[in-house]
Amino acid sequence: MEIVGRVQQHLFPDDGNGPDAARLNADRYLLWVLSDPRKDPGDIRYIINGIGWVDETAHEEYEKSFLELNGREQAELIDFIAGEAWGSSWLSIILTFIFEALVADPQYGGNVGEAGWDWLNHFAGIPRPTEKLLYGNILNTVKAR
Amino acid sequence: MNSKPAYDFCIIGSGAGGGPVAYELSRAGFSVVVLEKGPWFRTKDLTKDEIVATRRSVYTPSLLEEPQVLENQNDEGGWDAVPTYESGRDFWNGNCVGGSSNFMSGYFHRLKPNDFRLLSTYGEIEGANVVDWPISYDEMEAWYTKVETVVGVSGKVVPHSTLEPRSTKDFPFPPLAENIISGKIDKACDALGFMAKPVPRAILSRPKEERFSCSYSNFCGSYGCATDAKGSSRVALLPGAIATGNCTVIPNAKVFNLETDDNYRVMRAWYHDKENQKQSIEADHFVVAAQAVETARLLLMSKGKKYPYGLANNNWQLGKNLIFSGGGSGSGQFFYDELPDDEAAKLAAIGLFVNRSIQHWYEIEDESFGGKAKGGTIDFLWEHANAMGKLIRNKWDGDRLIYGSELKVKLHDYFTKLRKLRFEVFNDWLPTDDCFVALDEKVKDKWNDPVARIRLGYHPHDLKVGRFLARKATNVLEEMGAENISMGVSGSPPSNLMAGGCRFGNDPETSVLDKNCRAHQVDNLYVTDGSFMPTGGSVPYTWTIYANAFRVAEILKQS
């Protein structure tokens, strides 16, 4: 997960313009996504395999693990990967889950302190979910009645 | 000895097709049971959580557990069939008590008289199976009016060139509050020589009985309503049915077979219950309203001694002539910094509706069509408030993925500096031999039942009409001073606007249902969702589905 956390930070950096991936808890949010028993196992494998592909590409290009690259090298590698069909596709999915960490209800673990909503001036609808009505709980809550 | 069945009526599906039947028959003293495949969300369960409402399968089934197979035409003219668990293309709508009426936006337009006689008014179109309806607009008018009162429709009637005949002067509920953009649309249309009209909505602008009026939450379509203002079957009809003591609603009851006897009658409905156990219910009459695709699928699955090809399919019409809504969409952007401060603030005000449509070209008279042709409706609406949709649409620049600081600047600008006005075009999806429902021979659902295989062919004429209307809509956006105007028209069907598959008609050789929506070949089987529609008109279907279900309920009461 450390690799994907670094990748997320390059995709959504701390640049003074709103929250970055780390502040949004994007890596922990992604872990929650990957632990969803209702999620297609094929989709989960694709995300996890992609982490390996990033590291393999780092070895091919720099003969080092991705984590051993400095920040500039990591950024260059991500630029390189984004130019590949598989890379842009995988990075796009990683970005989608950063987006969820940016604007989903903070109870899901991202959007810490509603930082994403504040930055985008986004007004989430009311009523907001209680814990029992969050994804993962709501169907059991309803079924248990 | 034959015992009387437990219920007078068994209704399969609790949405816009089933709700009116349950409401009317239980209030008339009949015993009614409603079997609904999905769970029963109560109003207190319906929040504005974007993850629940639009990002995960909560109101709809998991595609792994309940896939469908979609067939699209390839470049060689053949058909590629792909299960939805592979494509990720979710073709389900609301699967829960109240069905997809819980999640509609409630844009309510009536069909117009010519929609009931498309063939005799506009003639044949090669490659399309256009027919007239076996009933006229006049026979439906009273039921449209009933929906306005019982379900609750807000709006304002204004005279315009294609206003359909009405038996009442105006809507029972006044229009919802509007954003200042509505006046700008009116002004632009006026300058261009035609008019925009207010859009009726199945949303209460004032309280009605136990239901509150709209809270202007800014999250309507795709979301359940937290005030019961939206006229879903769940809140507008089922409570009135249940209150009689004559109506039982069973959620999590997935009907998989309608068992028939040797006398051309359905005896019982078999369903999988909450614990995946098989159960059955007997009734005198059965009403199927599971939405077009699943209604056809259930009947195709219900083979019997008298129905070797599926229930009501002895003439091979079942599942044929499936239709959607043709058309497309487009948009234009308004930048706050180009407007006076007070106007920008009003434009940015969330929750207030646009509620404007143009039906000036519901009938087109244009050289490009060789004279008169059926046109359609243009609806204007704000871009949906969902944040995820806006974010995802902004991460690509053509084929280039955007990320890093470039992406963050783009996102921040998009969310804070502009507002996007969209339009949607609705025109007829002509029925053809290339749009139908069948059973897939290999793919099964979690109960090991064959899933629906849906061929999604369209007629090129649909795109021609859609482009004509979309261009008119972009003219309005230009006149309004919008920037970055775009439009798109395609043959990709909107899954939330489906009908047909059990078309009604007078000839059993070419239709599944008679004019009363009773199956030609089954004495006690009725279909009351959008499946009955042989052509779809050029508006969203829900009001017509509600109205027709009330019409059929009256026939059932009388019989």
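A note on names: the letters A, B, ... follow the listed sequences, proteins ahead of strands, and every chain is numbered from 1. Remember, predicted model here, so these are calculated numbers, not experimental data.
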Option that, when pairs with chain B are counted at under 4.5 Å, heavy atom only, ranks first among [options]:
options	value
A/Ser92, A/Ala82, A/Ala104	A/Ser92
A/Ile98, A/Thr96, A/Ile78	A/Thr96
A/Tyr108, A/Phe12, A/Trp119	A/Trp119

Minimum heavy-atom distance [X]-[Y], with the two atoms named:
X	Y	result
A/Glu114	A/Pro106	CG-CG, 3.7 Å
B/Ala344	B/Tyr336	CB-O, 3.7 Å
B/Ser101	B/Ser233	OG-N, 2.9 Å

*Are more than 12 heavy atoms from other residues, nucleotides or ligands located less than 6.0 Å from atom NZ of A/Lys64?*
yes
Which atoms of [X] are under 4.5 Å from chain A, going by heavy atoms: the side chain, the backbone, both sets, or neither?
X	value
B/Asp45	both
B/Leu411	both
B/Ile392	both

Between chain A and each of [options], count heavy-atom pairs under 4.5 Å; write down the option with the most.
options	result
B/Ala226, B/Gly351, B/Ser57	B/Ser57
B/Thr416, B/Leu407, B/Ile350	B/Leu407
B/Glu50, B/Arg400, B/Met388	B/Met388
B/Lys408, B/Arg55, B/His412, B/Lys48	B/Lys408

*With ring centroids as reference points, do A/Trp53 and A/Trp86 lie under 6.0 angstrom apart?*
yes
Do [X] and [Y] have side-chain N/O donor and acceptor atoms under 3.5 Å apart?
X	Y	value
B/Asn484	B/Gln333	yes
A/Asp14	A/Gln9	no
A/Tyr62	A/Glu76	yes

_If the contact rule is any heavy atom under 4.5 Å from chain A, which residues of residues 35-44 of chain B qualify, in numerical order?_
B/Pro39, B/Trp40, B/Phe41, B/Arg42, B/Lys44
*Out of B/Asn386, B/Asn218, B/Asp49, which one pairs with B/Tyr223 under the side-chain hydrogen bond (donor to acceptor under 3.5 Å, both in side chains) rule?*
B/Asn386
*chain B heavy atoms under 4.5 Å from A/His122: which part of the residue, side chain, backbone, both or neither?*
side chain
*Select one option (side chain, backbone, both, neither) describing which atoms of A/Leu102 are under 4.5 Å from chain B's heavy atoms.*
side chain
*Could you tell me which residues in residues 126-145 of chain A have at least one non-hydrogen atom under 4.5 Å from a non-hydrogen atom of chain B, sorted by residue number?*
A/Ile126, A/Pro127, A/Arg128, A/Pro129, A/Leu133, A/Leu134, A/Tyr135, A/Ile138, A/Leu139, A/Val142, A/Lys143, A/Arg145
Mind checking whether [X] and [Y] have side chains closer than 4.5 Å, heavy atoms only?
X	Y	answer
A/Ile51	A/Asp55	no
B/Val97	B/Val34	no
B/Phe353	B/Ser105	no

*Are the charged groups of B/Lys410 and B/Glu406 less than 4.0 angstrom apart, N to O?*
no
*Where the side chain of B/Arg422 meets the backbone of B/Glu383, is there a donor-acceptor pair that is under 3.5 Å apart?*
no
_Polar side-chain atom of B/Arg419 near backbone of B/Leu347 as donor-acceptor pair, under 3.5 Å_ = yes
